[in-house]
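Heads up: the structure comes next, in structure tokens.
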There are 2 protein chains.
Amino acid sequence: MNPKLLEIKDRFVEKLGFLGSLFGFNKLLGQIYGLLYLSPTPLSLDEITKQLQVSKGSISLNIRELEKWGGCKKVWVKGDRKDYYEAETQFKNILNKRLMDALKRRVSTVGEIAADTSALYPESEQTQSLSPEEKKLLSFYKNRIESLDKIQSKLDFLLKTLMKFL
Amino acid sequence: MNPKLLEIKDRFVEKLGFLGSLFGFNKLLGQIYGLLYLSPTPLSLDEITKQLQVSKGSISLNIRELEKWGGCKKVWVKGDRKDYYEAETQFKNILNKRLMDALKRRVSTVGEIAADTSALYPESEQTQSLSPEEKKLLSFYKNRIESLDKIQSKLDFLLKTLMKFL
DNA sequence: ATGATCGTTTAGAATATATTAAACGTTCAA
DNA sequence: TTGAACGTTTAATATATTCTAAACGATCAT
């Protein structure tokens, strides 16, 4: 391959690895995406392995992860047994399918914390036995935990709004 | 401390550690935030160390990180040399001050990749010496990299819109 | 059937990250 | 001017993550 073009590709792959790690993915996952993104044709595991100089196992693992996130998809190449992959270039799809799901799941965790913790609140009979300071502290806890719950609803709304824009 | 209340606090702290790691922070950072969030009064490094059973060094490191993200702030306690911290409870502030900055920085990285990589494009004279297939590949690269740049603008717009909602 | 070619799994090695304990510099009170 | 009380830094350790190489099962051509 022409050294100039190779340099572009390598640099791009490197940067996408960095971008991936910025977003909390494995660096290799980002690199694979970069490689597929700059490939006019689908690539097989072998080719990816050769181009990135990484073990087959790692590629196998990360490309499935990438697929799970909607970053690439398997394509069938006539007359070849190998699995071929191509990049999902519609960024909208990647965002919608997976990233948003993950984001929503994270946001909902906020609400789960409130639900989970409030299950530990003492029954009203038990509350009687608390000292005045303890009663005060308990209601402080309740207040704070409740506002966390409200935040969750807000974030939820924000996400839904955001998704309509995409 | 009353065991019932202690249990609530501990559970809450644990969950916030988990939440923190979900969002790519150090678990301890989340726990510290949880602890401060459920404390009616500001806490000193020592108290945090004692309550979380973690070394002073770790706390020092992570609380500064937390502060950097707008999750807590130092407060002055009259007559005490120690640093005291309290949670930032206005979630809006945390989001605005730091999380959004970080998100914007990440998004802008996408654009930087395009700028950085396109700096490697060969000069037009050099392009002459490329074979027809190479020329084709180069324009393919240019196309893909350009669309990445467009995505960056879109994301940028989305973020700005989102921030207005907050 | 046999062997070659796939992708996957896995146990151990390599690497990166988080944590501790101790040393350190500063500040302040005596 | 000491020394005690702070928060920070750091070097070593512990832990978690990532990666490799080899084993494996499945599929296909012969």
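Every chain is numbered from 1, with letters handed out A, B, ... down the list of sequences.
Residue B:D80 is the one, among A:F25 and B:D80, whose nearest nucleotide of DNA chain D lies closer to the 5' end (criterion: closest heavy atom).
Using a 4.0 Å cut-off between a side-chain N of Lys or Arg and a carboxylate O of Asp or Glu, B:D46 and B:K50 do not qualify as a salt bridge. Ion pairing of A:R64 with A:E67 is absent here, as no side-chain N (NZ or NE/NH1/NH2) approaches a carboxylate O to less than 4.0 Å.
Put simply, CG on B:L61 is 17 Å from C1' on D:dC6, counting in whole angstrom units. A straight line from CD1 of A:I63 to P of D:dC19 spans 14 Å, rounded to a whole angstrom. Atom CG of B:N26 and atom C1' of C:dA16 are 14 Å apart (whole Å). In this structure, A:K82 atom NZ and C:dT5 atom P are separated by 10 Å, rounded to whole Å. Distance CD1 (A:I59) to P (D:dC19): 9 Å, rounded to an integer number of Å. Between the C1' atom of C:dT19 and the CG atom of B:L52 lies a distance of 14 Å, rounded to the nearest Å. Nucleotide D:dC19 holds its C1' atom 17 Å from the CD1 atom of A:I48, rounded to whole Å. Nucleotide D:dG7 holds its P atom 12 Å from the CG atom of B:L43, rounded to whole Å.
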**Message:** At under 4.0 Å between heavy atoms, how does the protein contact nucleotides 20-30 of chain C? Give one character per nucleotide, 5' to 3', with B, S or -.
**Reply:** B------BS--
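Considering only heavy atoms from C-beta on, B:W76 stays 4.5 Å or farther from B:P42 through its side chain. Considering only heavy atoms from C-beta on, A:K9 comes within 4.5 Å of A:L35 through its side chain. Side-chain contact between A:F23 and B:T109 is absent, with no heavy atoms from C-beta onward closer than 4.5 Å.
The environment of NZ in B:K154 is sparse: at most 12 heavy-atom neighbours from other residues, nucleotides or ligands sit within 6.0 Å.
For the pair A:N62 and D:dT18, the criterion of a side-chain N or O lying under 4.0 Å from OP1 or OP2 is not met.
Cation-pi contact between B:K142 and B:Y121: present, with separation from the ring centre below 6.0 Å and deviation from the ring axis of at most 45°.
Comparing C:dG7, D:dT8, C:dA18 by their closest approach to the side chain of A:L45 singles out C:dG7.
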